[in-house]
Every structure is written in structure tokens, then in C-alpha cells.
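Note that the coordinates shown come from a computational prediction; the quantities given were computed from them, not determined experimentally. Atoms within a ligand are numbered from 1 in the order they appear, just like the ligands themselves.
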Amino acid sequence: ANAESARRYDAIIVGAGFSGLYQLHMLRDRLGLDVRLLEAGEGVGGTWHWNRYPGARCDSESYYYCYTFSDELQDQWQWSERYPDHNEIRRYLNHVADRLELRSHIQLGTKVTRATYDEHKNSWLISTADGERFEARFLVTAVGCLSTANMPSIPGLETFAGEHYHTGRWPAEGVDFSGKRVGLIGTGSTGIQATPVIAQQAGKLTVFQRTANYSVPARNRPIGQGFRDWVSANREAIRAKARSSTNGHPFDVSDQSALEVSDREREQAYEAAWERGGLRFRATFNDLLTNEAANETASQFIRDKIRTIVKDPATAEKLTPRDHLYATKRPPIDTDYFETFNRDNVELVDVKATPIVEIVPEGIRTSDALIPLDVIVFATGFDALTGPLLALNIEGRGGLKLKDAWAHGPRTYLGIQSPGFPNLFTITGPGSPSVLTNMPIAIEQHVEWITRCITEMRNKGATRIEPTPDAAEKWVQHVNEAAQATLLPMASSSWYLGANIPGKPRTFMPYAGGMARYAKICDEVASNGYEGFVMN
Ligand code: NA7
């Protein structure tokens, strides 16, 4: 094939989730660019197109897990529950695609397999699995951070006589568990959401746990009209608060240290947060993510709760996390997770004590038992942040491959661009706050920054932008320092560090300095004539 047959656009966007849809709207409708959005899935929704496993639900609350850029869009939509489930989010994103009339510029079922920068033309050449070719000045990746499924290589999987599924690639038609013997591997946010729901349907559920996890009740519930009215009346304030927060959530973080209150006050505060439910448990005190002794009080509170809820002491002991602190790995929230282990049809296998040896036609063999299974569910997570970008086989200036440029960890400037890859913008890329925040807020900030950048390039007559190696070097260092100022790098098995993928470089990938601080840095960079970038 030659480039002559490529279809030309001003910009190609990859991915039709929250990021891609908004970026398409901005570049097409605000800037008037000729844009095409390529999406591998057969529908819009991004991560919510694929994550349809039982119990799949957002951990951010619906009133702020949505776009905030358009009052009209907000007026046209009503959420039904405190936390939206995958069906409702998918309906919402389809609604947005319709309202903004985006579909005519979205090409579904189109998997990008290669993207190569042509220095001579100052263009990106993009190829797809079906052999289509595109050419565009700008390439914007909107591929998400948790979209490349991690399938552990367990010997014998191909011999398994039953069915197996990864939660992040769930069949649209669903899976019928009734009466079946189900094995679920993994106890991250996904496994913790899926366990109670599968347990209700399955004949028998065996949960294979490698690392015990902290989880706080979500306290999901239907949304009433009173709350909706409050949200409409306070829309601006909610948005402002989310944008000026550390994690993109519009709630207050306590101004007290966990160590400056009496034992009784502390216990009452945790108890109240436990009852209120959700990720805001993290905000009970202001130093839970920065002070080990402070965090230990929260961690211990949750460990005590697990012991109270789970009736069998041996199971409770296995479920009690001891090798990391609360919220140093992404904290799950749940609906009856620990309670589920009181059911007669649910069993827990600690694979640190009795490792999985192999999969056989009948089921999973651990070091001390054969567990017969009809279905295996892999809730084993993702090759986070870098995985989806590396899967695009990106090749920059002078044939530089992204996978080589990032061989020792991702090197970005602001998480948005990488030296050697001109005119490539990575929404929620490594080095941005992304996965540490409420995603839509982080996404809006990125999309708006990229849109402003391209606007200013056009005003100046510039056609190329790329960060200097020095700016990227300093940013990587800053990302590292920001992580070190928190307890997050202490969790040695976390996917923030790439530790869940064998052979992946261990480096703390997201920017832990907070959403507000990050947005301020990005604004200053732009206002200072795109400091650290070469624009010409
Ligand atoms: P996570 O958080 O990466 O969880 C994956 C789980 O799978 C975790 O408990 C892992 O144990 C476990 N795992 C991974 N590989 C294996 C093998 N080989 N054997 C046994 N257990 C294994 O992914 P999730 O999908 O739950 O959540 C991802 C994010 O999506 C979530 O944080 C939200 O942001 C949304 P480990 O802890 O590594 O020992």
C-alpha cells in the first residue's frame, strides 16, 4: 500500500469514549477542522463499551461523572442512581453522540494498528486492521488508561473445557452463570464489584485472591428529585470545586490530621464516612495519603470492619490486607463484598498460600487442590496507561518507536506529548493525573488544553509542536517527586507502578500532584508561549 491511497484529514482521533467524543466535538465544531474518529469497538462508550461484567459500575458519583462543558447537555440528562452502572453510562455517551451529532464523523469497528510520523510531509500515517489508511496533521489518542486487558499466562488455559472471560472484554449478550461453578481471579475494583453479583447467580463461586484489598461500602441508591434539584441549582459550584480539587471530585477534604484528634473523634469520623460510603472515605482526614501513621488508623479501621462482617475467622483473616496501606493502590468501593463471603456457595482461595499451578480441562489446579469449574472470570486488570498507547505501534521522527522511547518508563511532557513524536497528543497520557482523578474532569481539561494549543498554532501559522527532551526530562522528574511526596509508591504491587505486568518498567506513571495544581501548570505553560515545547 502507498500513502497516495490514504484519506486525508486535519486530525485523526483514536477512541470514542469520554475523551474522543469531546475532542471530536471541539476540533470539528469549535475549530472547524476536518476530523475523523476511529474506534475499534462496534459502538461508542470507550471503556464502558467493553466493561459490561456483572456489577460494572462507576466509583465516581453520577452527578459529577459526566461532561460539564455544556449546560444544555446537563439539562437533557437525568441519572437514576448515585453511582451509574455501565448500561446507564453507555446510554449517556450514546445520547451525547446523538445530541452533538457526532456519529457521521465516527468510524466504528476500526482498529488502528500502526501510526507513523512522516517528517517530510509533517503528517501522521495511520493504518487499520482492515488495511485502511489515513493521513492527518494531528493525531490525538483518546484510548483510555485501563483498556488493554491483562491476561495472565497461566499454563493450560487453552485446555480448559469451560468458558472463560476477561471482565474488560465482556460479551455484549452477557454470560449466564445460573447453577454454574464459577472461578473468579482477581480482587481489584473489578473483582470486588463482580463477586457479590456473580455469587447471587452462580451455583458455586470460588474467588482466587492474590492480594487482599481494602474496600469501603459504596452505599449506592436511587437518586431522588430533591437531589437532582440541588445539583441543578449548584452546578457551577460543583464544577468549580471538582476542578480545584486534588482528585477531580467535588467534595471537601477534611482540614484535620488523623493524628490531631482524639481516638474517639477519629473513630466517629471513620464510622460516619463508612456509613456515607464511597471514595470520599479517603477525605476523612487530610493526611491519609501522606502520613503513614495517619493512614494506618484508616487501614486498621477497615481491617476491623472486615473482621466484624466476615463470620468465618479463617476467611476474615485471609481477606484482611496487611501488605499495603489503604488507598495506596486504587481503593475499591463495594456493595456487599465482604458480606458475600458469608454465603454458603462462596469460597476464597488465597493464591499466595496455595498458588495456581495450572488450568486443566476440569478447572483450576492450585498447589493443594483441583477446583472444578464451568466458567473462569479473569478480573485481572489492565496493562495500565502505557499499554493502550504502545498497542498503536506508534513511530515518530526518524523511525523512533514509542516502545523504545519508553523502554525505561513513559517520558512525556505534561502527559500530553512526548519528544520525538510531533503533533501527537495523548489525552490522559502517563504523567497526567488521569487515573488518580474523576476521569471526565481530567479529560475536559486535557481536551480543552489541546484545543487551545491547536487554535494558537493556527493563529501563529505554526504546523508542528513537540516538547524538548529537556522539558520531558524535568517533567518525568517532577512526576516522580510528586509521587514520592505521597504514600502511593509504597504499594509495591500496584498498577500505578506497572507492577502487575511481568517485565514492565517499574515507574510511578500518573501525576500525583493533584488535578488543580496540574491544570495550573498546564495553563501557565500555554500562557508562557508553550514553554518547553518547540512550535513552528
Ligand atoms: P486491578 O486493580 O489491577 O486488579 C486486578 C486483580 O487481579 C488484582 O487483585 C491482582 O492481584 C489480580 N491478579 C492479576 N494477575 C493475577 C494472577 N496472575 N494471578 C492472580 N491474581 C492476579 O484491576 P481491576 O480491573 O480490578 O481495576 C482496574 C481499574 O479499573 C480500577 O482500579 C478502577 O480505576 C477501574 P494483585 O493485587 O496484583 O496481587
Counting distance only, does the side-chain N/O of D374 pair as donor-acceptor with the main-chain N or O of R181 below 3.5 Å?
yes
Should the heavy atoms of other residues, nucleotides or ligands under 6.0 Å from NZ of K311 be counted, would the total exceed 12?
no
Between side-chain atoms of residues 425-435 and protein atoms elsewhere (two or more places apart, or another chain), which donor-acceptor pairs fall under 3.5 Å?
from: T426; atom 1: OG1; to: G415; atom 2: O; distance (Å): 2.8
from: T426; atom 1: OG1; to: I416; atom 2: O; distance (Å): 3.0
from: S432; atom 1: OG; to: G429; atom 2: O; distance (Å): 2.7
from: S434; atom 1: OG; to: S432; atom 2: O; distance (Å): 3.4

Compile the donor-acceptor pairs under 3.5 Å between side chains in residues 485-502 and protein atoms, sequence neighbours left out, one pair per line.
from: T486; atom 1: OG1; to: A483; atom 2: O; distance (Å): 2.8
from: T486; atom 1: OG1; to: L488; atom 2: N; distance (Å): 3.1
from: S493; atom 1: OG; to: K329; atom 2: NZ; distance (Å): 2.7
from: S494; atom 1: OG; to: Y496; atom 2: N; distance (Å): 2.9
from: N500; atom 1: ND2; to: F382; atom 2: O; distance (Å): 2.8

Return all side-chain donor-acceptor pairs below 3.5 angstrom for residues 355-368, not counting sequence neighbours, or 'none' if the list is empty.
from: E358; atom 1: OE2; to: R365; atom 2: NE; distance (Å): 3.2
from: T366; atom 1: OG1; to: D368; atom 2: N; distance (Å): 3.3
from: T366; atom 1: OG1; to: D368; atom 2: OD1; distance (Å): 3.2
from: T366; atom 1: OG1; to: A369; atom 2: N; distance (Å): 3.1
from: T366; atom 1: OG1; to: A369; atom 2: O; distance (Å): 3.3

Is it true that a side-chain atom of N291 and a backbone atom of D287 form a donor plus acceptor pair closer than 3.5 Å?
no
Check each protein residue for a heavy atom under 4.0 Å from ligand 1 and list those that pass, ordered by chain and number.
L146, P152, I185, G186, T187, G188, S189, T190, R210, T211, K329, R330, A379, T380, G381, F382, W495
